Amino acid sequence: MDIFSNLLLGLSVAITPINLAFLFAGVMLGMIVGIIPGFGPAAGIAILLPITYGMNPTSAVIMLSAIYYGSMYGGTITSILLNTPGESSSVASTFDGYPLAQQGRAGPALVMQAVASFIGGTFGVILITLFTPLFSLVTRSFGPPEFFLLVMMGLLTLIAMIDGNWRYGVISALIGFALGTMGVDLETGQTRFTFGSAEMIGGIDFIPIAIGLFGLGELYYVFYQGMHLEGAGIVQYKKEKRFWPEWRDYVETKFTVVRGSILGFFIGVIPGAGATIASLMSYSLEKSLSKTPEKFGKGAMAGLVGPEAANNAASSGAMVPLLSLGLPGSAATAVLLAAFLMWGLTPGPLLMTEKPEFAWGLIASMYLGNMALLALNIFAIPLFVLMIKLPYRILAPAVILICTIGTYSVNGSMLETWLMFAAGLVGFFMKLYGYSPAALVLALVLGPLAEQSLRQTLTISRGSFGIFLERPASLWIMGVTVVIVVAGILLYRKRQ
Amino acid sequence: MRGCAALSAMLVAGILASAPAMAQDKYPSKKLDWTIAFGPGGGNDIMTRTIISIMEKYKLYPDKIVPENRAGGSGAKGWGYVFSQKGNPYHITSTSGSFITTPLQANTPWTATTFTPIALLASDDGVIMVNGKSKIRTFKEFVDQAKAKPPAIGGIGTVNVEFIVPKLLSERAGFKFDYVAFNKQGELTTALLSGALDAAMSNPGEVLGLLQSGDLRAIAYTGKKTPKALGNLPTLAELGYDLGISMPRGLVMPPDVPKEAQDWWIAAMKKVVETPEWKEYIEKQLLTENVLYGEDFRAFLQKTQGTFADILKKSGAIK
């Protein structure tokens with residue numbers, strides 16, 4: 001009954017008027033941060049950090065965390081309506097979300113994403129409440145060997161992501177891997193392909209590439225096809241059919257939500273993996289389990305619901321290592337950790353026992369925050385749906401402007417802004433000739449992680465691959481991978 | 001008529017405005033621009049905002065101080081900006097480890113010693129630690145073990161103090177090791193917790209909780225004096241390995257600022273480091289107080305930069 005007394009204590013902290021006010025401020029800001037492409041939760045939290053100097057840490061952490069999980073809700077809205085991911089974790093939501101909008105189902109898609117986000121987020125908080133000590137064991141057993149195997153599992157999803165011409169898919173992925181090699185080589189410290197520029201030391205960030213490839217690429221494609229000339233409205237969207245999802249949307253995706261939530265939470269618990277990988281893995285999982293995989297990428301509700309449940313569950317999962325061990329698992333939680341230090345707290349295993357009102361106040365506030373976000377989303381959807389009724393002459397410049405500001409605001413870098421425009425052109429040609437921007441982005445995210453973790457592993461083992469067999473956790477992951485691959489092959493055979 | 005009045009008003013205003021400029025005998029008399037070469041929430045940002053709030057509280061600076069986060073390229077952007085303000089005494093910036101390492105890695109037109117040095121205020125030192133379940137309890141046991149079997153030691157980045165310190169140590173103590181570089185603290189700490197690494201070097205602030213809970217065990221402190229929160233952990237110097245390597249947390253101004261401005265800031269910093277707020281900051285952030293002014297600070301930067309360049313050239317990280 002310890003958990004319940006803790007949760008009650010948390011609720012009593014979270015429900016004070018001042019903390020509720022900060023919670024609502026946080027979820028609103030999170031939505032906004034999520035909607036602006038490129039401008040992510042890490043940057044949003046960092047900008048607000050200086051004002052929390054001297055604030056009550058509990059109120060401050062309630063607000064800043066709400067920005068984090070709130071942005072997971074907002075990030076999908078532009079993915080669905082404009083094919084422009086608001087957050088890196090919403091890239092997977094463009095794959096089916098945007099086709100759904102094109103088919104006139106923007107309303108149901110937005111409602112379903114809000115519901116899936118709510119279920120994923122709340123499911124994650126329930127797991128935090130009940131099992132934080134248990135899941136911190138997962139975190140503790142993750143060294144470079146396990147991380148490498150996990151990334152390999154993520155790369156397997158490339159197979160599901162590439163459809164159509166597989167040669168083009170492989171070429172797209174190779175471009176992504178190549179871009180991922182730029183920047184400082186972590187192991188030796190040497191710079192690779194930076195052309196002597198200090199700005200390139202950090203390599204190519206994935207955000208300008210994703211915004212350019214998807215958002216601007218789609219826009220150029222619309223111009224190329226002359227769709228902007230036809231009539232005043234946006235013709236690429238069919239007439240809006242109905243606002244609420246149909247009953248079968250819920251029925252067909254009920255297991256998808258559960259799978260996405262579980263997968264997302266587990267991935268979120270692992271430092272360095274996070275919501276982006278979780279959402280991409282959930283997408284391919286759903287596609288490979290689906291009875292109608294050919295519908296994926298053409299407006300399958302499961303292809304939107306899975307990643308959404310996963311990225312929200314992952315953002316809850318990322319709180320586990322932060323609260324139980326003081327370890328940041330993602331960029332946004334790293335800023336939160338910096339905030340803990342700034343407020344004079346000592347993050348670590350003792351935080352939850354020494355400052356229960358802080359940790360449990362935060363956890364309790366996450367239940368309320370997710371509810372507030374669900375309501376906020378559903379009320380705001382009609383407003384967002386209005387956006388797609390705008391004529392292209394207004395919408396197109398607005399999209400370009402939003403993409404530009406979003407990219408520039410991340411690091412204030414003109415170089416990245418130009419990169420985003422260049423990626424837009426590349427995205428256009430990829431779409432035109434049937435290459436796979438999704439495979440490129442996935443390879444760009446996972447490639448550097450795979451390289452680093454493999455080299456770390458082999459440095460530790462002094463070149464021996466036997467290390468993968470010596471550690472129980474890595475044996476587990478290999479086992480799961482084998483099961484997935486075998487199941488995938490069997491499913492494929494059955495369908496043939 | 002109206003135009004004439006406006007013109008004469010402008011003239012009068014112009015004369016009035018230029019009057020203080022002409023009588024500019026006393027520094028400082030204008031708004032100060034303080035560049036933070038990193039984003040909000042980092043160590044550099046927190047130190048800068050602490051100093052500014054102290055200076056405001058004790059009314060040390062007569063005008064406004066405006067902090068600006070100019071982050072990018074591991075500090076290259078912010079410090080490059082300050083470098084471009086050559087001779088301008090109304091710009092200042094705070095330093096950290098990258099102040100030494102970024103110019104070694106990238107083709108910047110400046111190095112740490114190009115700027116006008118004001119003061120070294122503190123140094124960012126680290127702990128060498130092992131997994132809490134490890135049999136190793138002391139630094140001596142660690143060295144003995146390392147001589148028998150080369151350990152895997154983790155740290156953040158390669159062109160960084162977390163590689164330099166173990167490297168120098170291994171040369172002095174006579175053991176070999178494999179260095180495993182990580183990008184982020186979270187990944188480094190998990191790798192040590194999972195038992196994949198034998199030891200790691202890290203900033204104490206971010207692992208204090210794990211040290212206190214016994215999940216990790218510190219075996220040495222790399223700075224001059226161990227912070228209170230770490231108890232009676234011995235320093236490397238006490239163990240017989242005085243490396244004299246630390247990451248500088250200090251202040252510099254653009255190159256070629258007038259001597260008068262440099263002296264003003266040195267005098268101001270002498271007051272800042274005596275305040276209780278500053279002492280509290282040092283203790284809370286687990287920094288080592290390490291104060292050097294003016295040219296002594298430049299000499300410190302010169303020495304650290306030299307050691308870094310030597311080791312990194314030997315290991316092949318830089319050319």
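Every value quoted in this text rests on a predicted model; they were computed, and no experiment measured them.
Between the side chain of B/N44 and the backbone N or O of B/F38 there is no donor-acceptor pair closer than 3.5 Å. At distances below 3.5 Å, at least one donor-acceptor pair connects side-chain atoms of B/T226 with backbone N or O atoms of B/L233.
Interface remark: of the candidates A/G348, A/P349, A/S453, A/P349 forms the most heavy-atom pairs closer than 4.5 Å to chain B. Top candidate by heavy-atom pairs under 4.5 Å with chain A, chosen from B/A229, B/G195, B/P103, B/A196, is B/A196. When B/G157, B/G80, B/P150, B/S53 are compared by the number of non-hydrogen pairs under 4.5 Å with chain A, B/P150 comes out ahead. Options B/A152, B/P151, B/G205, B/A191 differ in how many heavy-atom pairs under 4.5 Å they form with chain A, and the most are formed by B/A191. Of the residues considered (B/Q285, B/Q105, B/Q185), B/Q105 shows the highest number of contacts with chain A, using heavy-atom pairs under 4.5 Å. Ranked by heavy-atom pairs under 4.5 Å with chain A, the first of B/G209, B/G186, B/S194 is B/S194. Highest contact tally toward chain A, considering only B/T190, B/T50, B/V180, is held by B/T190 [criterion: heavy-atom pairs under 4.5 Å]. Interface remark: of the candidates A/L327, A/T459, A/L186, A/L186 forms the most heavy-atom pairs closer than 4.5 Å to chain B.
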Original post:
Would B/S96 and B/S98 count as a side chain to side chain donor-acceptor pair (under 3.5 Å) if you check the C-alpha gap in whole Å, the side-chain angles of each, and the deciding distance to 0.1 Å?
Top reply: CA-CA 6 Å; B/S96 52; B/S98 312; 4.8 Å; no

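When heavy atoms are compared at a cutoff of 4.5 Å, A/L337 approaches chain B solely by way of its side chain, counted from C-beta outward. Both the backbone and the side chain of B/N183 have a heavy atom closer than 4.5 Å to some heavy atom of chain A. Interface remark: A/R455 contributes no atoms to any contact with chain B (heavy atom separation under 4.5 Å). Contacts of A/E187 with chain B are made by backbone atoms alone, with heavy-atom separations under 4.5 Å and no side-chain atom involved. Contact of A/S141 with chain B is made through the backbone alone, with heavy-atom distances under 4.5 Å. With a threshold of 4.5 angstrom between heavy atoms, B/K184 does not approach chain A through any atom at all. For B/Y179, the part lying near chain A is the backbone, with the side chain staying farther off; criterion is any non-hydrogen pair under 4.5 Å. In this structure, chain A has no heavy atom under 4.5 Å from any part of B/S315.
A/R140 and B/D215 are joined by a salt bridge, as a carboxylate oxygen and a charged side-chain nitrogen come within less than 4.0 angstrom of each other. The pair B/R70-B/D33 meets the salt-bridge criterion, since a charged nitrogen lies less than 4.0 angstrom from a carboxylate oxygen. Using a cutoff of 4.0 Å between basic side-chain nitrogens and carboxylate oxygens, B/E280 and B/K284 are scored as salt-bridged. Electrostatic pairing of A/E416 and B/K77 does not count as a salt bridge here, judged by no charged N lying under 4.0 Å from a carboxylate O.
When only modelled atom types and interatomic distance are considered, B/T35 and B/W79 share no side-chain donor-acceptor pair under 3.5 Å.
Annotation: the span from B/K57 atom NZ to B/T275 atom OG1 amounts to 8.0 Å, rounded to 0.5 Å.
You'll find the ring centres of A/F358 and A/F340 inside the 6.0 Å limit.
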